[in-house]
Amino acid sequence: MDRIKMTTPLVEMDGDEMTRILWRMIKDELLLPFIDLKTEYYDLGLEHRNATGDRVTVDSAEATRKYGVAVKCATITPNGARMTEYNLKEMWKSPNGTIRALLDGTVFRAPIVVKGIEPCVRNWEKPITIARHAYGDIYKNVEMKVPGAGRAELVYTAEDGTETRETIHQFTDAGILQGVHNTDASIKSFARACFSYALDTRQDLWFGAKDTISKKYDHNFKDIFQEVYEAEYRERFREAGIEYFYSLIDDIVARVMKAKGGFIWACKNYDGDVMSDMVSSAFGSLAMMTSVLVSPSGVYEYEAAHGTVQRHYYKHLNGEETSTNSVATIFAWTGALRKRGELDGNKELMEFADRLEKATLGTIEAGKMTKDLALITTLKDVTVLNSGDFIREIRNTLEAVS
């Protein structure tokens, strides 16, 4: 059959380790036979990032801004062990953090719900979408080891040279320091993205921080959200029949555990990182969660919410069989293809994305799945497939319904 045509390319960001292997399998088996795939390719594998001084990450973000839609494979954020393993010139920052900062976006993550995989929290009936602020906080931190006794200060120097100082701590011995920041502009973009997404999806929006302890930093988030809501969204929320409320994050966590789901939970950067893993795991698997970065200018970057599956990669290098769940990576591609089709008025591309998602879920619901899902499914007599066979089985399902 004729392959579906594309008029505008996607920005394709390749990645690392086992997800890089799956990336190629997905393209070869599920995309290229059906689509005349057009992408502008960037290799964000750690070796190439190191070779380019991480310039390739910046280039990929700029290309995303140009073309409007990107799809990204999982990548390594190096630590000390990775410095040695990959012989790195320096400990490069998180590619996700770099891209998020450059695009000033908000990350929306939601579990992929499939029959036979029941949430660990028995009252969760609908997906819970995590809206994660994608700029600043510890992801743009500055850290210091304190060698001994002395005074640590927070110093702000205005453009006219005047200084404002606050004592952080009077050290009597060695210790550590960390400085974090955020900007009002980024927080406003975060707030508007959350309110707009809630309106688009007709879902309530919850936001939690710790303003009782962080009386300036977290309180600023709370105040900006309320100001944006009152000025731009209160009436629109009322007309849509949805609700926004703020509470302390510990109260929000307690509410989430007792809720039925079907709402958006807005989180600061680190909170969103942790809580999206909690929500995805509780719904079934880290490999069963979508993730999309949405910028205020209407740029979209789709990716899987999980990491590079390092343990499986080492098994793969040793010639051992793996059973790695590729669903979130498949859904990163379908999300990007659907958005590309929507922006280009390409109905065929949008319909293909829908079919591929249905084929993926249909394969699992037919009892054919990877090991991580087989361990938690309520379905009986399931077939555990290796990484490649699972993707090939999805292709069989896709071809049967195409």
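Worth knowing before you read on, the calculation uses all heavy atoms, side chains too, and leaves out hydrogens, waters and symmetry mates.
Considering every non-hydrogen atom in both Met288 and Ile364, the closest pair reads CE-CD1, 4.2 Å. The minimum heavy-atom distance linking Leu356 with Thr334 is given by the pair CD2-CG2, 3.6 Å. Here the closest heavy-atom approach between residue Asp16 and residue Leu46 is recorded as OD1-N, 2.7 Å. Summarising the geometry of Lys89 relative to Gly53, their closest heavy-atom pair is NZ-N, 4.2 Å, with the distance given to 0.1 Å. Summarising the geometry of Ala193 relative to Thr106, their closest heavy-atom pair is CB-OG1, 3.6 Å, with the distance given to 0.1 Å. Closest approach of Thr75 to Gly15, counting heavy atoms only: CG2-CA, 3.8 Å.
Within 6.0 Å of atom CG in Asp381, 12 or fewer heavy atoms from other residues, nucleotides or ligands are found, so the atom counts as exposed in its surroundings. For Tyr270, the OH atom is loosely surrounded, since the number of other residues' heavy atoms within 6.0 Å does not exceed 12. Within 6.0 Å of NZ in Lys188 there are 12 or fewer heavy atoms belonging to other residues, nucleotides or ligands. Environment of CD in Glu47: sparse, with no more than 12 heavy atoms of neighbouring residues, nucleotides or ligands closer than 6.0 Å. Surrounding CZ of Arg236 are more than 12 heavy atoms belonging to other residues, nucleotides or ligands, all under 6.0 Å away.
Put simply, CD1 on Ile391 and CD1 on Ile26 are 4.5 Å apart, with the number rounded to the nearest 0.5 Å. To the nearest 0.5 Å, atom NE2 of residue His133 and atom CG of residue Asp271 are 12.0 Å apart. Atom NZ of residue Lys339 and atom CG of residue Leu10 lie 12.5 Å apart, to the nearest 0.5 angstrom. In this structure, CZ in Phe283 is found 10.0 Å from CE in Met278, a value given to the nearest 0.5 Å. Here the straight-line distance linking atom OG1 of Thr363 with atom NZ of Lys358 works out to 14.0 Å at 0.5 Å rounding.
Between His181 and Tyr135, the ring center distance clears the sub-6.0 Å criterion.
Side-chain contact, Gln203 with Thr201: a donor N or O sits under 3.5 Å from an acceptor N or O. No side-chain N or O of Asn96 forms a donor-acceptor pair with one of Tyr139 less than 3.5 Å apart. Remark: the Glu243 side chain and the Trp206 side chain contain no N/O donor-acceptor pair separated by less than 3.5 Å.
No side-chain heavy atom of Val292 sits under 4.5 Å from any side-chain heavy atom of Glu301. Two residues are said to be in side-chain contact when any heavy atoms from C-beta on lie closer than 4.5 Å; Glu351 and Lys347 meet this criterion. A 4.5 Å side-chain heavy-atom check between Glu342 and Met350 finds at least one atom pair inside the cut-off. Between Tyr313 and Thr308 the shortest side-chain heavy-atom distance does not fall below 4.5 Å. For the pair Trp265 and Ile252, the minimum side-chain heavy-atom distance is below 4.5 Å. In this structure, Leu361 and Phe331 have side chains that are in contact, with non-hydrogen atoms separated by less than 4.5 Å. In this structure, Leu44 and Lys72 have side chains that are in contact, with non-hydrogen atoms separated by less than 4.5 Å.
Lys66 has no carboxylate O lying under 4.0 Å from a charged side-chain N of Glu62, or vice versa, which leaves the two without a salt bridge. For Arg340 and Asp344, the salt-bridge test passes: some basic side-chain N is under 4.0 Å from an acidic carboxylate O. With respect to the salt-bridge test (charged N to carboxylate O, under 4.0 angstrom), the residues Arg338 and Glu357 qualify. For the pair Glu303 and Arg100, the salt-bridge criterion is met [side-chain N within less than 4.0 Å of a carboxylate O].
Geometrically, Arg255 does not engage Tyr246 in a cation-pi contact, judged by NZ or CZ lying under 6.0 Å from the ring centre and within 45° of the ring axis. Both tests hold for Lys268 against Phe221: distance to the six-membered ring centre under 6.0 Å, angle to the ring axis within 45°.
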Practice item. Check the pair Asp218 / Lys210 against salt bridge (charged side-chain N to carboxylate O under 4.0 Å, His left out), numbers first and verdict last. Key: CA-CA 6 Å; Asp218 280 28; Lys210 197 68 173 177; over 6 Å; no
**Study point:** Test log, rule ring pair (Phe, Tyr, Trp, His ring centres under 6.0 Å), inputs Tyr229 and Phe195
**Key:** CA-CA 8 Å; Tyr229 177 66; Phe195 290 129; 5.5 Å; yes
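Using cut-offs of 30° and 60° for the angle between ring planes, the Phe190 and Phe207 rings count as perpendicular. Between Phe237 and Tyr233, the ring planes are perpendicular. Angles over 60° get that label, and only those under 30° would be called parallel. Using cut-offs of 30° and 60° on the angle between ring planes, the pair Tyr300 and Tyr302 is parallel.
Only one option out of Val384, Asn325, Val327 pairs with Asp372 in a side chain to side chain contact (heavy atoms under 4.5 Å, CB included); it is Asn325.
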